[in-house]
Amino acid sequence: MEDEIFVQVKFTVDVDGAVYRDALFFSETDWATVTPQQLADMKQARVDNWQAAIAAASLADAPPEDGGE
Amino acid sequence: MSLLLLGAGLGSGETIGRNLWWVGGAASWNGTAGSKWSLTSGGAGGQAEPTLIDNVFFDANSGAVTVTIATVTANCRNIDFTGFTGTFSGATAINIYGSTTLVAGMTRSYTGAITFKSTFRARTITLNGKTLASIIVFDGVGGEWTLQDNFTTTGTVTLTNGSFITGGKTISSSTFSGSNSNLRNLDITNSTITCSGGGWSFSTSTNLIMTTTGSTINVTNSGFAGGGLFYNNVNMTGITGTSNLSGANAYAANLSLAGGAGYGGVLVAATQTVSGVFTTTGNNANSQRLFVASNSLGAAVSIVCNGSAVLTNTDFELIAASGSASFSGTSLGDCTGNTGITFTTPVTRYVVHPGGSVDFMSTTLWSASSGGSTGASSPLPQDTVVMNGSSFPASATITVATAYRMPGLDFTNATNSPTFNLSVGGVYSFFGDLVFISAMTLSGSVSGTMHFRRFGINTSITSAGKTLPGNVKIECNAANVNLNDAVIVGNTITLVRGTWNDNNFSVATAEMNISGSTTRSMSKGTATYTITGTGSLWDATTTTGLTFSDVGTIKLTNNSAASKSFTGGGLTYNNYYNATLSTGIVTLTSSSTFNDFKIDPGRTQQFSSATTTALATLTATGTIGNVITMAGNTAANYNIVSNSGTAINTDYIAITHCQFSGAIWHAGVNSTDNGNNTGILFP
């Protein structure tokens, strides 16, 4: 069995006065080819996604109760 | 005239009244007695309505009429329909103090409750093939009833007082119960009892003598509360939901648990000891597997079998199997925490999706080789799932339409942007790590729950920016759930057991619930928790068993007008940030400690009366037109205490009922004292 090795890139930015901390994962192959700009774009995409998700969720009223088992 | 009988076969001291024959034609038993009752068969009426000491007869001379019990509860001693060809109807209760005889030639449409209330022995019940649709209760101190033939009712059967002897006959009912502490005797020797509705319910067996030699109890898709008694054969069959098996019962013969055409399970609450065969049978190896588990994720439960074990298509969780039997079989899933069971050897299952939407447990999804032919059984919880470049065509969806128990899922090498859809509002259990990717769609019901419950084995989540669509429940005893990146949860995160380890990554969730009493731990890291919902945003009401630390920020962002609460539970938090919008008020409902307590302009921050909020700094400066309001949730005082001694400077803030101490607080030149404040310097 071969081990797959991944590169984890952790990053932290301030988003609307809050500490946003996330990580990106790359295979060794992908990591070898990713450019700084691509990496920056990926980070920004993650931040944008985060902000959009929170903005959408913050508009909603209380979510349904737990489905239970 | 009443007759006092002391003879054999009749209860000593029993008073017997009249023998009354029905001569009333089609009429109601109750109401005006009129000419309905006669002292002789077909004789003249005029007798008063039967009482509990009177025997009643419906015979050929009563005619092919309908007799109805309505409005008022009927009473009688014996009731005998021998020779009657009419209909016994009604829905009002009857109390029978003697024996009962129905006949094949009559019609029974009666649906009222039947209570056998004799306090004497030697009562018999003969149905002659007629079935009942009544609730049946045996409730007579010292009473004894013996079946003369098979007994069927669609209602429940309850033994409240007295002795019920089934005489080796067959009984069918919905629930069969007797859970109380009265003196009672149940002799089901050589009988077969089938409970097709609410199951077997003897959870309290105090003062119960039960004789089960040669008996079989069949419970259909419902629970078996055995009360810790000694049984012979017990079969729980057709299980498609969750059925409970409780009481530390022993079985002289066999215990069988069998699933139906669904994804059912049996939750076991106490040790079961089987002398014969212990059988578990799922309906198939894929979407209709059976689940057998401890009813608590906190501790394993024992199943002891000294005969043999026949196990098929079953997933086990927290089962400690022991005894001389070999606990092995076919397609046995390991949901962790088990001992003494030989599980099916883990294999690798490859997704080879045919396109469109396919259920997770469908064999059309699974192959034993990469890109190979499908038709392999769906993965067991201990199996490895591989998704790669051969797994998905374009527009491929894996739908999880039933709350399955699933292994870990790693989409890292998947291509063509697949969709993973948790489509129903049930509880999806994962027994491995989850790795999602940005190039996929993760969807599902907001009321569903992703349940992380591995015992003693850590689980990691890599969400890659995908929103986990519903709730997340952490209930992994002696193990962690670790985040590998930031996570967005569509509904509530609930920490029940184990450790929630955010690894300093950001968390967004509608609500966070860490209240409870089991052993659990939360080490809240440096990143911000963004709480987006309404209602109980943060719930630490009960902190028993909780280890908690916080070096980050909790930020509240909901923009609706709905009220919100933050229940800190006396814990020490780092930073609190009320960044809500709109008119929704946030209330701190309990005393807690914070480092910085921040309120955005225009917000109303309430504190429950008599609570004490300790803080190091208060960041609360409003603006013109966006004044901050601090108030009690009622017209009563609350306490704010500086635990740093650092001066507090605010402005554009209106305060009421605040009892402040510990430092100097300059409210600010544009702030307002709305009364009942102490310790705050207003202009």
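Residue numbers begin at 1 in each chain, while the letters A, B, ... track the order of the sequences. This one's a predicted model, so the numbers in the text were calculated from it and none came from an experiment.
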Engineer: What's the verdict on side chain to side chain contact (heavy atoms under 4.5 Å, CB included) for B:Ile437 and A:Phe25, showing C-alpha distance, side-chain angles and the deciding distance?
Structural biologist: CA-CA 9 Å; B:Ile437 55 174; A:Phe25 290 83; over 6 Å; no

Engineer: Let me know if B:Thr412 has heavy atoms under 4.5 Å from chain A in its side chain, its backbone, both or neither.
Structural biologist: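 Looking at B:Thr412, just its side chain touches chain A.
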
Engineer: Based on non-hydrogen pairs under 4.5 Å, which of B:Asn504, B:Thr467, B:Asp502 is most in contact with chain A?
Structural biologist: B:Asn504

Engineer: Which answer fits B:Ser445, side chain, backbone, both or neither, if we ask what part of it has an atom under 4.5 Å from a heavy atom of chain A?
Structural biologist: neither

Engineer: For the OG atom of B:Ser438 and the CZ atom of A:Arg46, what is their distance to the nearest 0.5 Å?
Structural biologist: 6.5 Å

Engineer: Answer with side chain, backbone, both or neither: which region of B:Tyr529 has an atom nearer than 4.5 Å to a non-hydrogen atom of chain A?
Structural biologist: neither

Engineer: Using non-hydrogen atoms and a 4.5 Å limit, figure out which bit of B:Val435 sits close to chain A: side chain, backbone, both or neither.
Structural biologist: neither

Engineer: Check A:Ser58 against B:Thr557 and note the closest heavy-atom contact, atom names and distance.
Structural biologist: OG-OG1, 2.6 Å

Engineer: For a 4.5 angstrom cut-off between non-hydrogen side-chain atoms, does B:Ile488 reach A:Ile54?
Structural biologist: no

Engineer: Tell me, side chain or backbone of B:Ala403 under 4.5 Å from chain A's heavy atoms, or both, or neither?
Structural biologist: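 B:Ala403 has no heavy atom closer than 4.5 Å to chain A.
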
Engineer: Between B:Thr553, B:Asn484, B:Thr530, which shows the greatest number of heavy-atom pairs under 4.5 Å with chain A?
Structural biologist: B:Asn484

Engineer: I'd like to know which of B:Val507, B:Leu581, B:Asn575, B:Leu483 tops the heavy-atom pair count under 4.5 Å against chain A.
Structural biologist: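 So the answer, after comparing B:Val507, B:Leu581, B:Asn575, B:Leu483, is B:Val507.
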
Engineer: Identify the residues of residues 6-23 of chain A whose heavy atoms come closer than 4.5 Å to a heavy atom of chain B, ordered by number, or report 'none'.
Structural biologist: A:Phe6, A:Gln8, A:Lys10, A:Val15, A:Asp16, A:Gly17, A:Ala18, A:Val19, A:Tyr20, A:Arg21, A:Asp22, A:Ala23

Engineer: Between B:Ala464 and chain A, with a heavy-atom cut-off of 4.5 Å, which part of the residue counts as in contact: side chain, backbone, both or neither?
Structural biologist: both

